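Here's the structure we're looking at; comments come further down.
On a predicted model such as this, the values are computed, not experimentally measured, just so you know. Sequence positions, counted from 1, serve as the residue numbers for this chain. Computed over heavy atoms, backbone and side chain alike; hydrogens, waters and symmetry mates excluded.
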Amino acid sequence: MSQAEERTERPGRLDLPGRRLLVAEIVLVFALSLGADGVRAVLYLVGALTARVALARQQAVLVGTYAPGRPLLDLAFQLLGIATALVPVALVLYLLHRSGERAADIGLDASRPGKDALWGAGLAALVGGTGLVLYVGARLAGVSLTIVPESLPAVWWRVPVLVLAAVQDGLLEETLVVGYLLRRLRQLGWSDRTALATSAVLRGSYHLYQGFGAFIGNAAMGLLFGRIYQRTGRTTPLVIAHSLIDAVAFVGYVYLHGKVSWLP
């Protein structure tokens, strides 16, 4: 039995709801979060495809301003958006606790800080570099919108907010789409392969607003991250890797925009 399976199977200590309620729990969690984002992303993509402008000439802004010309109000909106985006993470941790489970049961803890940090940094370098190549190729092929990592005003809170947004992305996606979903699907009796494919497609779906290239790249990332979780039972290094990838993309854009020819 793998380490992940040992973490998942704790006989006599769990108080899971019946199968139908467990399915309902999963549906509701994602209807309130990344599942709904997937539906919105499909609609955004339909809008982009039916516009009279080529995909590569359209833009997808990842972190944008909410109140142009009003930096303090904009900051309040940014912080509120980050905080509310993390509510589904709190909900998942609550649901796990209610079932007699812990965050550590999905590998979301600080029990191995050094090892997790090294794993996270290595994954970030691998996935970040590969993702950049895929994006450039997809844009040249005309199947991706032009991605603008951030368009915040040049004020004192710009970089801190971008770092917080990156951490929020890492926590939200890896906790829900990897740790929580793969654990629950295993508890429902799904095979690891089917669960992994479902998780990867879900991850790709809510990136479709960026174009087909983003779907493919993020689905591939989902296959890699999901398989690592299934083998190790650890979510923390995935959160670290995802946060680093986004932080480098967001903050790097701040300092490289206008200085590198291939950045929009």
If we only count heavy atoms from C-beta on, is the H207 to F215 side-chain gap below 4.5 Å? no
Contact check, side chains of L176 and S33, non-hydrogen atoms, under 4.5 Å: yes
Is it true that a side-chain atom of E173 and a backbone atom of V239 form a donor plus acceptor pair closer than 3.5 Å? no
At what distance, to the nearest 0.5 angstrom, does CD1 of I82 lie from CG of L172? 12.0 Å
Would a distance-only check, ignoring hydrogens and angles, find a side-chain to backbone donor-acceptor pair under 3.5 Å from T50 to G47? yes
Please tell me whether F250 and L164 are part of a single hydrophobic cluster in this structure, the criterion being side-chain heavy atoms less than 4.5 Å apart. yes
Show, in sequence, the C-alpha distance, side-chain angles and deciding distance for R102 and D105, and conclude whether the side-chain contact (heavy atoms from CB on, under 4.5 Å) test is met. CA-CA 5 Å; R102 305 163 299 164; D105 289 325; 3.2 Å; yes
Do you know the tightest heavy-atom contact between G170 and S243? CA-OG, 3.8 Å
Closest non-hydrogen atoms of P17 and L22, given as atom of the first, atom of the second and distance, are CG-CD1, 3.9 Å
Using side-chain contact (heavy atoms from CB on, under 4.5 Å), reason through L62 and V148 one step at a time and then give a plain yes or no. CA-CA 6 Å; L62 304 190; V148 179; over 6 Å; no
Enter the distance from L238:CG to F225:CZ here, rounded to the nearest 0.5 Å. 5.5 Å
Find out if a path of hydrophobic residues (ILVMFWY) with successive side-chain heavy-atom gaps under 4.5 Å connects I216 to L34. no
Between S199 (side chain only) and V178 (backbone N and O only), is there a donor and an acceptor less than 3.5 Å apart? no
Report whether L79 and W157 are members of the same hydrophobic cluster (ILVMFWY, side-chain heavy atoms less than 4.5 Å apart, transitive linking). yes
Closer than 4.0 angstrom, basic N to acidic O: yes or no for R20 and E25? no
Check for a donor-acceptor pair, side chain of T236 on one end and backbone N or O of G107 on the other, with a separation under 3.5 Å. yes
Counting only heavy atoms from other residues, nucleotides and ligands, does the tally under 6.0 Å from OH of Y209 exceed 12? yes
Any side-chain heavy atom of V89 sitting closer than 4.5 Å to one from L86? yes
Using modelled atom types and a 3.5 Å cut-off, is there a donor and acceptor pairing between side-chain atoms of D169 and backbone atoms of A166? no
Quick check: do V29 and Y180 have side-chain heavy atoms less than 4.5 Å from each other? yes
Exercise: do D15 and S99 side chains pair donor with acceptor under 3.5 Å: no
Measuring only between side-chain heavy atoms, which start at C-beta, is T198 closer than 4.5 Å to W190? yes
If Ile, Leu, Val, Met, Phe, Trp and Tyr residues are connected whenever their side-chain heavy atoms lie under 4.5 Å apart, and connections chain through other members, are L171 and I245 in the same group? yes
Closest non-hydrogen atom pair, G211 against L45: CA-CD1, 4.2 Å
Closest heavy-atom pair, G222 versus A200, reported as atoms and distance to 0.1 Å, is C-CB, 4.1 Å
D116 and R112 ion-paired at < 4.0 Å: yes
In Å and rounded to the nearest 0.5 Å, what is the CG to CD distance from L182 to Q230? 5.5 Å
Ionic contact status for R234 with E174, cut-off 4.0 Å: no
Considering all heavy atoms, the nearest L55-A48 contact: CD2-CB, 3.6 Å
Value for CZ (R158) from CG (D74), rounded to nearest 0.5 Å, stands at 11.5 Å
Determine, step by step, whether F30 and L181 satisfy the side-chain contact (heavy atoms from CB on, under 4.5 Å) criterion, reporting the C-alpha distance in whole Å, the side-chain angles of both residues, the deciding distance to 0.1 Å, and the verdict. CA-CA 9 Å; F30 285 97; L181 181 60; 3.8 Å; yes
Does R19 use its side chain to pair, donor to acceptor, with the backbone of L188 at less than 3.5 Å? yes
Matching residue for T146 among Q58, Q210, R139, Q59 - test: side chain to side chain donor-acceptor pair (under 3.5 Å): R139
Looking only at side-chain N and O atoms, does Q187 offer a donor or acceptor that is under 3.5 Å from a partner on E101? yes
Provide the closest heavy-atom pair for G64 versus L152 in the form atom of the first, atom of the second, distance. O-CD2, 3.6 Å
Kindly determine whether L123 and I228 satisfy side-chain contact (heavy atoms from CB on, under 4.5 Å), including the steps that lead there. CA-CA 10 Å; L123 282 171; I228 290 172; 3.6 Å; yes
Spacing of CG belonging to L95 relative to CD1 belonging to I26, to within rounding of 0.5 Å: 10.5 Å
Just wondering, do W156 and L75 contact through their side chains at under 4.5 Å, heavy atoms? yes
When rounded to the nearest 0.5 Å, the distance separating CG of L93 from CG of L108 is 6.5 Å
Within-4.5 Å side-chain heavy-atom neighbours: R57 and L145: no
Do V254 and V161 share a hydrophobic cluster (ILVMFWY, side-chain heavy atoms under 4.5 Å, transitive)? yes
Is there a side-chain contact between S144 and Y135 (heavy atoms, below 4.5 Å)? yes
